Amino acid sequence: VRAPLIIGNWKMNLDVVEAVHLTQQVAVLVRADPPEHAEVVLAPPFVDLRSVASVIAADRLDVGLGAQHANPHESGAHTGEVSVAMLRRLGVAWVLVGHSERRTHYHMDDEAVAATLRAVSAGGLRAVLCVGEDEAVREAGDHGAFVEAQLRSALAGLPVGARESVSVAYEPIWAIGTGRTAQVEQVAEMAGVIRGVLAGFEMGEARVLYGGSVSPANAAELSEGGAMDGFLVGGASLAAESFLAIVRAADGCYAAKR
Ligand code: 13P
């Protein structure tokens, strides 16, 4: 059983002032009642990273810093993009790779996802590879094969030594931001599919997270029955209370299982 990892993906929310405020609120709650086992990561927008890093450092907070995306190129003519080395300099330790919103709205295809995964690992950062099917794929019953193909295409070109820096997040698109959380059985089934693929890449130690309308109301149930190693949280990570409630639910379930 792996200690849970809970990542708050703030998406394109919170300007720098709001980001500092939320980080300070998270700090108060973490200090008051630190999670025993769970690893906590905040993934703010690029423009907030520096300030969030400062709050984390000033408060000596045991919270990691994540970015929501990176460009796979080292440097050069990529207007509007941010490189892995730039993120590392800011103290970023985690990068989300291939979030469905990047794939769907910003033309990030499987090839770009694989290249980004390689760049993040090569740059010494930890990658969270995001996979998940849309509603049509799920209704056709092809979700297992679809997610398996996403995983294989991303992992195939990864050097063996880089595999240990990769975690996977299963985020069914139909559950993201909809309030329609996947059922525990659906999550557990996909955990099995993903673990099967990871085993083939000798990645049995990798964490597998769930994301999609995770809330304080469903986090304990998903932690207990979903066979996942933590959560990638969107909406509920924008308030310190609900984010920490999710962290505590995952932490408590892990403590009970150990
Ligand atoms: P919600 O928790 O808002 O559904 O978002 C999930 C997500 O996409 C996290 O990366």
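All ligand and atom numbering here is 1-based and tracks the order in the structure. Worth saying up front: this structure is predicted, and the values here are computed from it rather than measured. Reckoned from all heavy atoms, side chains included, excluding hydrogens, waters and symmetry mates.
Close approach of ligand 1 to Gly212 is summarised as follows: ligand atoms under 4.0 Å from at least one heavy atom of the residue are 4 (O), 6 (C). Residue contact check: His99 has heavy atoms under 4.0 Å from atoms 7 (C), 8 (O), 9 (C), 10 (O) of ligand 1. Set against the non-hydrogen atoms of Glu171, the atoms of ligand 1 under 4.0 Å away are 6 (C), 7 (C), 8 (O), 9 (C), 10 (O). Every atom of ligand 1 with a heavy atom of Ile176 under 4.0 Å away is listed here by number and element: 4 (O), 5 (O), 6 (C), 8 (O). Taking every non-hydrogen atom of Ser213 and a distance limit under 4.0 Å, the qualifying atoms of ligand 1 come out as 1 (P), 2 (O), 4 (O). Ligand-side atoms of ligand 1 in range of Leu232: 9 (C), 10 (O), range being under 4.0 angstrom from any heavy atom.
Of the protein's non-hydrogen atoms, the one nearest atom 5 (O) of ligand 1 is Lys11 NZ, 3.2 Å. With hydrogens left out, the protein atom closest to atom 3 (O) of ligand 1 is Gly235 N, 2.8 Å, a heavy atom. With hydrogens left out, the protein atom closest to atom 2 (O) of ligand 1 is Gly234 N, 2.9 Å, a heavy atom.
Placement of Val41 and Val92 in two distinct hydrophobic clusters is found when ILVMFWY residues are connected by side-chain heavy-atom separations under 4.5 Å, directly or transitively.
Taking only nitrogen or oxygen atoms, main chain and side chain alike, Thr178 does not reach within less than 3.5 Å of ligand 1. Geometrically, ligand 1 and Gly177 share a nitrogen or oxygen pair separated by less than 3.5 Å.
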One pair to check against salt bridge (charged side-chain N to carboxylate O under 4.0 Å, His left out): Arg258 and Glu36. What are the steps and the verdict? CA-CA 12 Å; Arg258 270 174 104 222; Glu36 221 177 318; 6.0 Å; no
Under the side chain to side chain contact (heavy atoms under 4.5 Å, CB included) criterion, do Val30 and Val40 qualify, and how do the steps go? CA-CA 10 Å; Val30 167; Val40 179; 5.6 Å; no
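When heavy-atom distances to ligand 1 are checked against a 4.0 Å cut-off, Asn9 comes that close only through its side chain, counted from C-beta outward.
Evaluated for a salt bridge (Lys or Arg N to Asp or Glu O under 4.0 Å) with Asp229, the options Lys257, Arg207, Arg2 yield exactly one hit, Arg2.
Note on ring orientation: taking the six-membered ring where Trp is involved, the planes of Phe46 and His69 are tilted (angle from 30° to 60°). Using the six-membered ring where Trp is involved, His37 and Tyr254 have ring planes that are perpendicular, over 60° apart on the 30 and 60° scheme.
Within the model, atoms CG of Asp59 and OG1 of Thr23 stand 9.5 Å from one another, a figure rounded to the nearest 0.5 Å. In this structure, CD in Glu133 is found 7.5 Å from CD1 in Ile173, a value given to the nearest 0.5 Å.
The closest approach between a heavy atom of Ala175 and any atom of ligand 1 is below 4.0 Å.
The two residues Cys130 and His99 have their closest heavy-atom pair at CB-CA, 3.7 Å.
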